[in-house]
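Worksheet for the structure shown next.
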Number of protein chains: 2
Amino acid sequence: MSFVPFAERERPPKRPAIDRDRVVAAALALLGEVGLDGLTMRLLASRLGVKASSLYRHVEHKDELLILIADAIAAMAADVPTDMPWRERVIAQLREYHASLRRIRDAARVLAETPPAGRNRLKKIDALFGAVLASGCSPKAAADACYHLNNLVVSYAADQERAAAWTERAGISEADLAERKRAFTRMLSVDEFPNLAVMAEFAGSNDPDAVFWFGIDLLLDGLEAHVAAARGEPAVESRAPR
Amino acid sequence: MSFVPFAERERPPKRPAIDRDRVVAAALALLGEVGLDGLTMRLLASRLGVKASSLYRHVEHKDELLILIADAIAAMAADVPTDMPWRERVIAQLREYHASLRRIRDAARVLAETPPAGRNRLKKIDALFGAVLASGCSPKAAADACYHLNNLVVSYAADQERAAAWTERAGISEADLAERKRAFTRMLSVDEFPNLAVMAEFAGSNDPDAVFWFGIDLLLDGLEAHVAAARGEPAVESRAPR
DNA sequence: ACCTGAACACCGTTCAAGT
DNA sequence: ACCTGAACACCGTTCAAGT
């Protein structure tokens, strides 16, 4: 046959099928779909069109993957301007944080069960610390208050996520749940649990965010009292002994 | 052979090898030994001299077993007298609670990952609610404050337990850990994380209980401020908008 | 360098079968 | 009634082998 200028199709330079970033992105998406209990190395691999053993070329083990997912979640929270009174600044930051956790399923559980490594997570903590420090408290108090604020955001959301997982596992519908709760508290003998009935009536209102913000307000009010006391102004009341 | 009065050894009336209570007791003990991640139906069964499938005659599934363990843990916290000022009463209760969680490994994680069913757990919540209500706040505020106090106790301890599990899995000694932390924070660039270095210096002091009690104090100071505000007295400061 | 196949050492749970 | 044997349907992880 005579010459025909038929160029070899230049093969794409054999890009790897997957890389670390794609693994993390797919894992984050899969987490949102199936939740933490459904997030499996095997399932994740199949979503990437690959076998599970391949994942270990890009990630040391599942724990490392979870840390990377946690950092990706932290990256979803928007930055907050710093030119505000400290309390508004803290609250704005927490609102962003809280909202970003609600955006994908079981996000808070991943944060709760994973140590705070990763640049994005550290940046958020750094920003929160800065805002709390602006209250005028000592660095030590700011560090501790920061821990508790962060802990409240994460553990509150994680608690709700775990409750959702339990009711789902039990196959209870949302409507059923309320009825069951009422039946349960009615069952409690009044003399064994004198307070619980009235508590159940008030706890867990229709707006779950309200009790979250109530807790944040308690912490921040407490911090203000702490600052005032440290300044030598009359404390709200003397501390109870430990 | 002539007659010999050989009584048949009267067989013990075939008591079941295990019952529900023994399963729970063994599970609690095993939890303390091997931690939550090592608590396996198979291992538990072997401790009871029985096969794993036998456990399902006494317990519906592992989740139910965890609920029962959680209730047994709650039973370990001593009751607290009620004839004290409300704040001391709350603190005494939390101290008992906190101490009982530290008595057995991963106790807090079990509480955190398990819904609060069971008489013992409910009794503790009931008692705490009673103490908080004595502050003079509304039932709604008491219910919410109660949630956050309980949540702080459990999630703080669970956080420490998880951290211990991570460092153990990574095979890091206690001494190594401190060194690594220091090396890690030194690594952080100061302009990317302007606050973190100073924060790391103050966070997580030698006494981990101190930061726990700092958080409790914030919540209780906040509650006092809330009560004062509700009484129409001048609030500590106006609330920041949400 | 990257992915696959096959295996290892586990899980929780079910169920027919034994006593 | 209670326990066992054997299986089912999974896990995370490793590693020699392929390309």
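The chains referred to below are lettered A, B, ... by the order of the sequence lines, with proteins before strands, and numbering in each begins at 1.
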Checklist entry - Mind checking the C1' distance from D:dA9 to C:dA9? Whole angstroms is fine. => result 16 Å
Identify whether the distance between the nearest side-chain nitrogen and carboxylate oxygen of [X] and [Y] falls below 4.0 Å.
| X | Y | result |
| --- | --- | --- |
| B:Arg95 | B:Asp209 | no |
| A:Arg162 | A:Asp106 | no |
| A:Glu64 | A:Arg20 | yes |

Next on the checklist: Does anything in residues 39-57 of chain A come within less than 4.0 Å of DNA chain C? Heavy atoms only, and list the residues if so.
Outcome noted: A:Arg42, A:Val50, A:Lys51, A:Ser53, A:Ser54, A:Arg57
Checklist entry - Does any non-hydrogen side-chain atom of B:Gln160 lie less than 4.5 Å from one of B:Arg102? => result yes
Nearest-Å distance for atom pair [atom1]/[atom2], residues [X] and [N]:
| X | N | atom1 | atom2 | result |
| --- | --- | --- | --- | --- |
| B:Arg20 | D:dA1 | CZ | P | 17 Å |
| A:Asp19 | C:dA1 | CG | C1' | 13 Å |
| A:Asp63 | D:dT13 | CG | C1' | 12 Å |
| B:Leu65 | C:dC11 | CG | P | 15 Å |

Checklist entry - Among A:Tyr156, A:Phe212, A:Phe214, which one satisfies ring-ring contact (aromatic ring centres under 6.0 Å, His included) with B:Tyr147? => result A:Tyr156
Item to check | Base-pairing assignment for C:dG12 (Watson-Crick or G-U wobble, both under 3.5 Å) | outcome: D:dC8
Checklist outcome for this item: If pairing means Watson-Crick or G-U wobble with both distances under 3.5 Å, then the partner of D:dA1 is C:dT19
Next on the checklist: So, does B:His58 get its side chain near the phosphate of D:dC3, meaning an N or O under 4.0 Å from OP1 or OP2?
Outcome noted: yes
Checklist entry - Name the one of A:Asp144, A:Leu94, A:Val154 that satisfies side-chain contact (heavy atoms from CB on, under 4.5 Å) with A:Leu149? => result A:Leu94
